[in-house]
Amino acid sequence: MPELPEVETVRRSLEPILIGKKITQVEVNLPKLIKIPSGDANAFITTLTGSAFKDIRRRGKYLLFNMDNDWALVIHLRMTGRLLYVEKTAPIAKHTHFIFSLDDGNQLRFHDIRQFGLIYLVPSDQIDLISGLKTMGPEPLGTEFTLDCLKEAIKGKKKKAKVFILDQTCVAGIGNIYADEILFQAGIHPEETIDKLSEEKQNALWQAIKDRLKAGVEHRGSSIKDYVDGFGEAGTFQHQLKVYGKSGQACLNCGKQIEKIKVGGRSTAYCPECQKK
DNA sequence: AGGAGGCCCTGGGTGC
DNA sequence: TGCACCCAGGGCCTCC
């Protein structure tokens with residue numbers, strides 16, 4: 001499940017090889033993934049063909065490819081999306097929905113088993129047309145994400161802690177895996193009401209958000225099931241996980257059994273001893 | 001405002 | 001072996 005560290009790893013893997021490359025041909029096999037212009041493969045193909053990659057940015061879990069014709073190709077990988085840079089002779093894997101042929105003879109392919117991925121093509125100065133980007137909260141690894149910034153976002157909110165950190169308008173880029181890991185490190189119960197946290201816990205949450213995401217990036221993401229970078233390489237952060245996917249196992253910190261509950265409709269693993277309300 | 005539920009979708013796992 | 005069912009989950013939606 002690509003979250004901030006996985007999306008950032010994809011960005012870093014693709015950036016050096018895509019910048020300056022021109023798209024010579026676009027093949028769309030599943031137009032419904034194009035949200036803007038809605039399902040319009042022809043407009044999508046016409047606009048992108050002949051343009052070159054200028055830069056690749058990331059905002060939350062979105063990848064933004066700025067093209068030299070002032071359009072931006074924006075991609076959200078959701079759960080099973082992959083962006084792969086391959087030779088054009090490589091066999092086409094099942095679930096390959098988009099193929100961008102490049103002027104270096106290789107291809108960038110978008111592959112997505114569950115077809116949940118989202119693709120947008122917007123003028124690069126109008127990325128706010130994408131509602132998820134328009135309302136996106138602060139980048140947790142950026143300088144704007146200060147302790148005061150987090151406290152301000154928390155103020156008056158009655159959401160459960162896990163629901164709060166998964167809310168992209170509160171903090172950008174956190175998904176189910178890192179949410180559980182962050183709350184474990186901060187010693188916060190996932191169902192604790194967020195504005196009931198003590199000063200000390202708010203500080204611990206702030207530190208844990210930055211620390212776990214940074215560690216995820218350093219380990220090139222977590223490859224639980226589907227995630228790989230732009231070259232098909234797996235990450236290694238899955239070996240650092242303390243609670244996600246560990247329900248029934250002993251907590252590495254206290255030995256108590258990790259429990260599994262549902263919070264905000266998401267499966268949640270936590271240690272009842274280390275994460276008390 | 002928050003919470004619950006549904007929807008999109010495939011494949012892997014389990015139970016009979 | 002086959003079939004039914006459940007689960008995984010990000011973002012967006014509706015309804016209460």
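This structure is a prediction, so every number in the text was calculated from the model and none was measured. Heavy atoms only: backbone and side chains are in, while hydrogens, waters and symmetry mates are out.
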Going by heavy atoms closer than 4.0 Å, what residues in residues 121-140 of chain A are next to DNA chain C? A:S131, A:G132
Only pairs at least two apart or in different chains count here, so list each salt bridge (Lys or Arg N to Asp or Glu O under 4.0 Å) that has a residue in residues 96-111 of chain A. A:K21-A:D104
Over all strands shown, is A:K35 touching base, sugar-phosphate only, or nothing at heavy-atom distances under 4.0 angstrom? nothing
With a 4.0 Å limit, can you tell me whether A:Y227 has a side-chain N or O closer than that to the phosphate oxygens OP1/OP2 of C:dG9? no
What one-letter contact string describes nucleotides 5-12 of chain B from 5' to 3', where B marks a base within less than 4.0 Å of any protein heavy atom, S marks contact via sugar-phosphate atoms alone, and - marks no contact? ---BBBS-
Produce the list of close N/O pairs, under 3.5 Å, pairing protein atoms with atoms of nucleotides 14-16 of chain C; give distances to one decimal.
none

So, does A:K262 get its side chain near the phosphate of C:dA8, meaning an N or O under 4.0 Å from OP1 or OP2? yes
Does A:K157 make a side-chain N or O approach to OP1 or OP2 of B:dG3 shorter than 4.0 Å? no
Identify whether any heavy atom of A:F164 sits under 4.0 Å from a base atom; if not, whether one sits that close to sugar-phosphate; answer base, sugar-phosphate or nothing. nothing
So do A:L133 and A:Y120 actually touch side chain to side chain, heavy atoms under 4.5 Å? no
Going by number, which of residues 166-194 of chain A have a non-hydrogen atom under 4.0 Å from DNA chain C? A:Q168, A:N176
Does the distance from a Lys or Arg side-chain N to an Asp or Glu carboxylate O, for A:E192 and A:K160, drop under 4.0 Å? no
Check: A:D112/A:T80 side-chain N/O donor and acceptor closer than 3.5 Å: yes
May I ask whether A:W71 and A:L63 are part of the same hydrophobic cluster, defined by side-chain heavy atoms of I, L, V, M, F, W, Y residues being less than 4.5 angstrom apart, directly or through others? yes
If an axis is fit to five pairs at each end of the helix from B:dG2-C:dC16 to B:dC16-C:dG2, what is the angle between the two, to the nearest 10°? 50°
